[in-house]
Amino acid sequence: MADAAVKEKPATAVEDERELTDGFHLIIDALKLNGLTTIYGVPGIPITDFGRMAQASGIRVLSFRHEQNAGYAASIAGFLTKKPGVCLTVSAPGFLNGLTALAHATTNCFPMILISGSSEREIVDLQQGDYEEMDQLAIAKPLCKAAFRVLHAADIGIGLARAIRAAVSGRPGGVYLDLPAKLFGQVMDAAAGQKSLVKVIDAAPAQIPAPDSIKRALDVLKSAKKPLIILGKGAAYAQVDDAIRQFVEKSGVPFLPMSMAKGLLPDTHPQCAGAARSTVLKDSDVVMLIGARLNWLLSHGKGKTWGEAPKKFIQIDIEPKEMDSNVEIVAPVVGDIGSCVAALLHGMGGNWPAPPADWTGAVAKKREENVAKMAPRLMNNNVPMDYHGALGVLRTIVKERPDAILVNEGANTLDLARGIIDIYLPRKRIDVGTWGIMGIGMGYAIAAAIETGKPVLCVEGDSAFGFSGMEVETICRYKLPVCIVIFNNDGIYRGTDVNNVGADPAPTVFVKGARYDKMMEAFGGVGVNATSPDELKRAVNAAMDSGKPTLINAVLDPAAGSESGRIGNLNPQSKLKKK
Ligand SMILES: Cc1ncc(C[n+]2csc(CCOP(=O)(O)OP(=O)(O)O)c2C)c(N)n1
Ligand SMILES: [Mg+2]
């Protein structure tokens with residue numbers, strides 16, 4: 001058959017075909033050359049065939065139900081692997097759906113590349129109403145770290161190289177790569193095409209801190225009476241886990257992990273001050289931030305949370321502009337976390353003095369008191385369940401399965417799980433991040449399973465789950481070892497609000513007694529309705545043992561939960577009295 005077809009063509013045309021390549025293949029070759037072998041996306045014009053060809057070439061192409069979830073998957077793939085996660089979308093609406101995740105990646109400093117097909121430039125620029133017309137490059141630019149468009153097949157190699165470098169070098173972030181429909185079909189000489197590809201060398205070069213800055217930081221740390229180290233997700237991203245552990249242990253300083261830095265050192269480590277957070281923030285005199293920013297999550301480094309005692313801040317960050325962003329940084333250390341921590345360790349020498357024992361003793365005492373106070377609540381077997389009873393179960397399961405990755409979103413479901421579930425290994429907790437957004441759940445779960453091959457446990461508020469819930473089909477389709485536990489309290493924060501003036505339900509409540517487990521059964525996954533901590537425990541253990549896609553509807557008391565979880569104080573209040 002194939003021979004006959006070739007014979008019908010003039011010899012010169014066959015010759016030409018053999019020597020030509022096209023945009024489709026060059027993009028695929030460029031991605032593979034740079035080790036980008038997983039794509040998260042949603043097919044459609046003009047990228048459907050590209051997805052098929054990428055899959056045929058050995059790239060893993062994961063097809064989602066909505067681009068935002070594919071984008072979140074790509075963003076967390078970037079965090080977990082230090083390589084840009086790739087999201088592929090169609091033009092205009094598909095692009096916009098992915099853009100939220102790209103902005104999220106940039107805000108969270110995750111390397112990601114959003115590749116979107118786009119419509120005819122000539123028509124878009126004259127606003128003549130093309131299919132899915134939109135000036136995507138212009139729209140993406142303010143929302144990401146860098147944005148590029150490739151118009152010629154010969155520039156694909158350079159275009160992707162620029163995108164990779166922009167995503168992972170310095171402070172990582174999101175990059176937009178605009179690929180107009182016409183580009184895919186463009187042909188060029190195959191040998192020239194191959195030559196035009198770029199294998200990016202040392203995409204995220206080490207940034208060595210100035211020796212003076214290291215000495216200054218160590219001097220300030222040594223002078224402290226009540227030092228504290230705060231580990232941020234930048235420290236987790238760096239993948240220099242041993243060096244960080246060594247540094248923290250050698251310093252003897254209590255450490256506080258931000259939520260995605262939990263597990264860099266186990267939450268049960270004797271220096272961990274997680275359970276004494278308010279004490280250490282208030283009473284410390286020197287605070288060393290490692291890959292953590294003084295944004296809203298740390299009350300901007302000032303105000304009531306930080307108490308009256310004067311503070312000195314040491315900050316380690318790859319981004320020089322981060323320094324003094326909220327308060328004065330007396331010892332800025334600018335460089336990549338690995339180089340900075342190595343230099344600090346070296347500079348400490350062999351006989352670094354332990355911090356004053358009255359400080360470390362006071363922190364340990366506070367921590368033990370708080371842990372002891374919490375313990376009985378975590379063992380309650382109430383029906384309907386409350387957060388503590390349900391989380392007590394999950395806490396034990398994670399302790400027994402420290403290798404599993406925990407995905408967590410919601411309000412109360414997030415805030416309480418963050419405090420209660422101890423994490424033992426680095427990068428095992430991924431959550432709402434810098435923006436505190438809902439919707440990351442299923443995208444994160446899928447990417448975590450794909451990128452790490454480890455089992456995933458998702459602890460989701462019922463509202464939070466709704467933002468990405470349709471991706472349970474994706475989880476079932478790819479047969480991923482994901483166990484979703486929905487903390488179903490019938491609503492946002494609580495399920496008890498009432499509307500006293502009309503027939504519509506209150507804005508924060510959902511259908512009472514909803515059975516999310518049935519959603520999973522619809523796609524061939526395992527669904528369980530769990531009404532007690534014992535049932536929950538059995539169901540989660542079974543799911544983790546089997547590795548089968550599972551959704552457990554954990555029935556919580558609708559009255560459990562408080563407004564906005566732990567951040568109710570951020571709700572604006574009128575000076576007028578409530579009527
Ligand atoms: C994208 C986005 N939209 C809306 C919000 C506002 N919001 C914060 S928490 C939350 C849901 C909280 O309810 P649930 O997930 O059920 O957790 P619960 O407090 O009930 O445990 C919402 C909608 C948000 N953070 N992000
Ligand atoms: Mg809820």
Side-chain angles (χ1 to χ4, degrees), residues 66-69 71-72 75-76 96-108 143 259 295-297 382 384-394 406-421 430-445 458-472 484-498 505-517 519 529-531 536 551-572:
H66 190 287
E67 292 87 351
Q68 191 176 105
N69 305 319
Y72 285 141
S75 76
I76 206 68
L96 287 174
N97 288 344
L99 193 56
T100 303
L102 189 70
H104 165 81
T106 307
T107 299
N108 282 275
L143 295 171
S259 66
N295 56 21
W296 71 280
L297 288 160
N382 293 343
M385 289 186 272
D386 59 24
Y387 285 92
H388 288 85
L391 285 167
V393 164
L394 299 182
L406 179 71
V407 176
N408 188 203
E409 61 177 337
N412 295 280
T413 303
L414 175 91
D415 291 342
L416 293 166
R418 184 180 53 227
I420 291 170
I421 301 180
I430 48 182
D431 66 25
V432 298
T434 310
W435 267 340
I437 40 135
M438 302 300 111
I440 51 92
M442 299 306 107
Y444 272 26
C458 292
V459 181
E460 302 271 316
D462 52 337
S463 165
F465 172 72
F467 287 75
S468 66
M470 192 63 212
E471 302 297 346
V472 293
I484 306 155
V485 177
I486 298 190
F487 277 16
N488 187 357
N489 64 349
D490 293 347
I492 298 174
Y493 313 140
R494 262 187 317 262
T496 49
D497 270 10
V498 280
T508 55
V509 303
F510 298 150
V511 167
K512 305 257 174 263
R515 291 285 301 272
Y516 292 95
D517 50 311
M519 280 179 71
N529 191 50
T531 58
L536 177 62
L551 191 156
I552 300 160
N553 184 56
V555 182
L556 257 65
D557 182 351
S562 50
E563 181 90 0
S564 304
R566 290 273 166 89
I567 53 172
N569 60 311
L570 299 182
N571 285 306

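One-based numbering, in listed order, for ligands and for the atoms of each.
Protein residues with a heavy atom closer than 4.0 Å to ligand 1 are Y387, G410, A411, N412, T413, G436, I437, M438, G461, D462, S463, A464, F467, N489, G491, I492, Y493, listed by chain and number.
Checking side-chain atoms of N412 against main-chain N and O of Y493 turns up a donor-acceptor pair under 3.5 Å. D431 places no side-chain N or O within 3.5 Å of a backbone atom of N408 that could act as its donor or acceptor partner. Put simply, the side chain of N489 gets close to the backbone of A560: a donor and an acceptor are under 3.5 Å apart. Distance alone, capped at 3.5 Å, is enough to place a donor-acceptor pair between the E409 side chain and the I440 backbone. Side chain of K512 to backbone of G495: a donor-acceptor contact under 3.5 angstrom is found.
Here the straight-line distance linking atom NE2 of H104 with atom CD1 of I76 works out to 6.0 Å at 0.5 Å rounding. Separating the CG atom in L394 from the CD1 atom in I421 is a distance of 5.0 Å, to the nearest 0.5 Å.
Partner T434 forms a side chain to side chain donor-acceptor pair (under 3.5 Å) with one of N295, N108, T107 and no other, that one being N108.
Nearest heavy-atom pair, S75 versus A101, reported as atom, atom and distance to 0.1 Å: CB-O, 4.4 Å.
Tally of protein N, O or S atoms closer to the Mg ion (ligand 2) than 2.8 Å: 3.
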